Amino acid sequence: MTYTVPKLKDFSANALRKATDDARFAFKDEDREVSSEAEWKLFRDRWLARKNGILTQINEMWLKAAPKEAKREVGQRVNELKQFIDGEFARNHDWVVAADKLASGLQPVDITLPGIQRPIGAEHPIIKTMNDMVAVFRNLGYSVEEGPVIETDYYNFESLNFPPNHPARDMQDTLFIANQESKPLRERLLLRTHTSPVQIRTMEKMKPPLRIVIPGKVHRNDPPDASHSPMFHQIEGLAVDTNITFGDLKGTLDHAMKAFFGSSVKTSFRPSFFPFTEPSAEMLVSCFICGGSGLRGSQGCRTCKLSGWIEILGCGMVDPNVFEFVKHNGYDPRKVSGFAFGMGPDRIALLKYGVDDLQLFFQNDVRFLRQFA
Ligand code: DAH
């Protein structure tokens, strides 16, 4: 039965509800019958046409005919109905068109056209540098460990042989978490300034022998410039066993640098200081841009500042004082020894890709990042 708009005599709330419900049900019944776009168009015009469409008739026959005191209520009801029907038409049109195309034997999609490209993204150059470096150590049998970026004073400093108030703490411009003063010093929270605290965390949970690398984010109160950022990355390494010597440190790091930068690079060590290693060293690699000559053609090499060498990491033999903090888990400094190292993948990525401003890595400009994809 096709729907025709009834005349209303009764304008009570109940009668109005019934009248609009009837219209709604009729609409739904007719909607279900539609099976082609042509039918859909007829259906739409039947309900929406300005001239004599059902909604127009309802407007004329109900709203205009309503006694003054019922006009408000009728207006509201009719409006709701209209909104419902408009919404239904907006919703079902695409389906009807697609179904119609299918029914008429036309493909709704032309499968010979190239698909919509969904860019899958690529590794960020720093993450890639970290992954490549970590892979070198994984091939040597190292496993990967991680630790929290929000760290306690104990792990970041004390257990790494930075005593309270020791000036060595000033080497690292620490960002402290606010309102920690009521806690004992060792429990106060800060943003870790290096990945070294994960050395202790790992030795607390794993007995020796141990060979680990620790990639991660660190923070320091350094204003951003071309070579500094308050957030940057480190890769830490730690090997502990019986009879680990400085020779193992040199051999391991020399191999790692050759695997990473190419077999022709040379390494060089010079003395340095870190509270958690003794002795401590800085390691340099021969410049992989100019081959260590300090020259590019007749010009000086900018990458190594004409020196032929690039400082790449800090390292050393684990200080026995550090082992004292994890002695209970098998790290008796009289029985085990180890070496550790820490490097900055951000700087390595700058050098490797010839980028002259560290900030570019952190500004998330896809025009820059896309070049590494
Ligand atoms: N944690 C040091 C820093 O951030 C880097 C470092 C130096 C790590 C020597 C080590 C190491 O493990 O042995 O400046």
Side-chain angles (χ1 to χ4, degrees), residues 126 130 133-134 137 142 144-149 151-162 166-175 190-203 210-222 227-241 244-254 256-257 267-285 310-323 325-326 331 333 336-348 358:
I126 290 178
M130 289 172 87
M133 187 63 84
V134 164
F137 285 94
Y142 284 59
V144 180
E145 286 295 324
E146 286 181 310
V149 173
E151 196 42 287
T152 59
D153 185 280
Y154 175 77
Y155 286 111
N156 197 76
F157 290 125
E158 189 180 334
S159 63
L160 290 165
N161 200 31
F162 291 78
H166 195 279
R169 289 178 174 230
D170 299 344
M171 286 162 66
Q172 311 194 342
D173 293 296
T174 310
L175 289 161
L190 44 79
L191 295 181
R192 70 177 178 193
T193 56
H194 50 179
T195 42
S196 306
V198 190
Q199 290 190 25
I200 304 288
R201 286 186 173 276
T202 308
M203 288 192 283
L210 192 69
R211 280 166 182 74
I212 53 166
V213 278
I214 306 151
K217 275 188 186 12
V218 302
H219 294 79
R220 290 190 195 177
N221 187 18
D222 288 328
S227 56
H228 293 86
S229 162
M231 186 286 299
F232 59 104
H233 300 82
Q234 288 192 339
I235 302 171
E236 187 89 10
L238 174 68
V240 183
D241 206 333
I244 297 252
T245 67
F246 202 85
D248 296 315
L249 179 159
K250 289 179 85 170
T252 303
L253 291 179
D254 185 73
M257 293 305 117
T267 52
S268 169
F269 292 80
R270 64 183 179 208
S272 182
F273 172 78
F274 301 100
F276 39 91
T277 44
E278 183 60 34
S280 304
E282 263 162 20
M283 190 189 73
L284 306 110
V285 296
I310 296 171
E311 195 191 309
I312 225 80
L313 55 78
C315 58
M317 301 306 290
V318 178
D319 193 305
N321 289 345
V322 171
F323 284 137
F325 287 93
V326 284
Y331 293 88
V336 295
S337 57
F339 67 78
F341 57 88
M343 64 181 109
D346 313 60
R347 207 170 92 84
I348 295 173
L358 179 63

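Only this structure's heavy atoms are used, side chains among them; waters, hydrogens and symmetry mates stay out. Whatever order the structure lists them in is the order used to number ligands and atoms, beginning at 1. It should be emphasised that the depicted structure is a prediction, and the values quoted were computed from it without experimental measurement.
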For the pair [X] and [Y], name the ring-plane relationship: parallel under 30°, tilted 30 to 60°, perpendicular over 60°.
X	Y	result
Phe137	Tyr142	perpendicular
Tyr331	Phe323	parallel
His194	Phe157	tilted

For ligand 1, find each of its N or O atoms that sits under 3.5 Å from a protein N or O atom, and tabulate the pairs with distances to one decimal place.
from     : atom 1 : to     : atom 2 : distance (Å)
ligand 1 : 1 (N)  : His194 : ND1    : 2.9
ligand 1 : 1 (N)  : Ser196 : OG     : 3.0
ligand 1 : 4 (O)  : Arg220 : NH2    : 2.8
ligand 1 : 4 (O)  : Gln234 : NE2    : 2.8
ligand 1 : 12 (O) : Gln199 : NE2    : 3.2
ligand 1 : 12 (O) : Glu236 : OE2    : 2.7
ligand 1 : 12 (O) : Phe341 : N      : 3.3
ligand 1 : 12 (O) : Phe341 : O      : 3.3
ligand 1 : 13 (O) : Ala340 : O      : 3.1

Self-check item: Counterpart residues, side chain to side chain contact (heavy atoms under 4.5 Å, CB included), relative to Arg201 (two or more places apart)
Solution: Pro148, Glu151, Tyr155
Self-check item: Donor-acceptor under 3.5 Å (Arg220 side chain, Leu191 main chain)
Solution: no
Quiz item: Could Arg347 and Glu311 be called an ion pair, given the rule that one side-chain N must be under 4.0 Å from one carboxylate O?
Solution: no
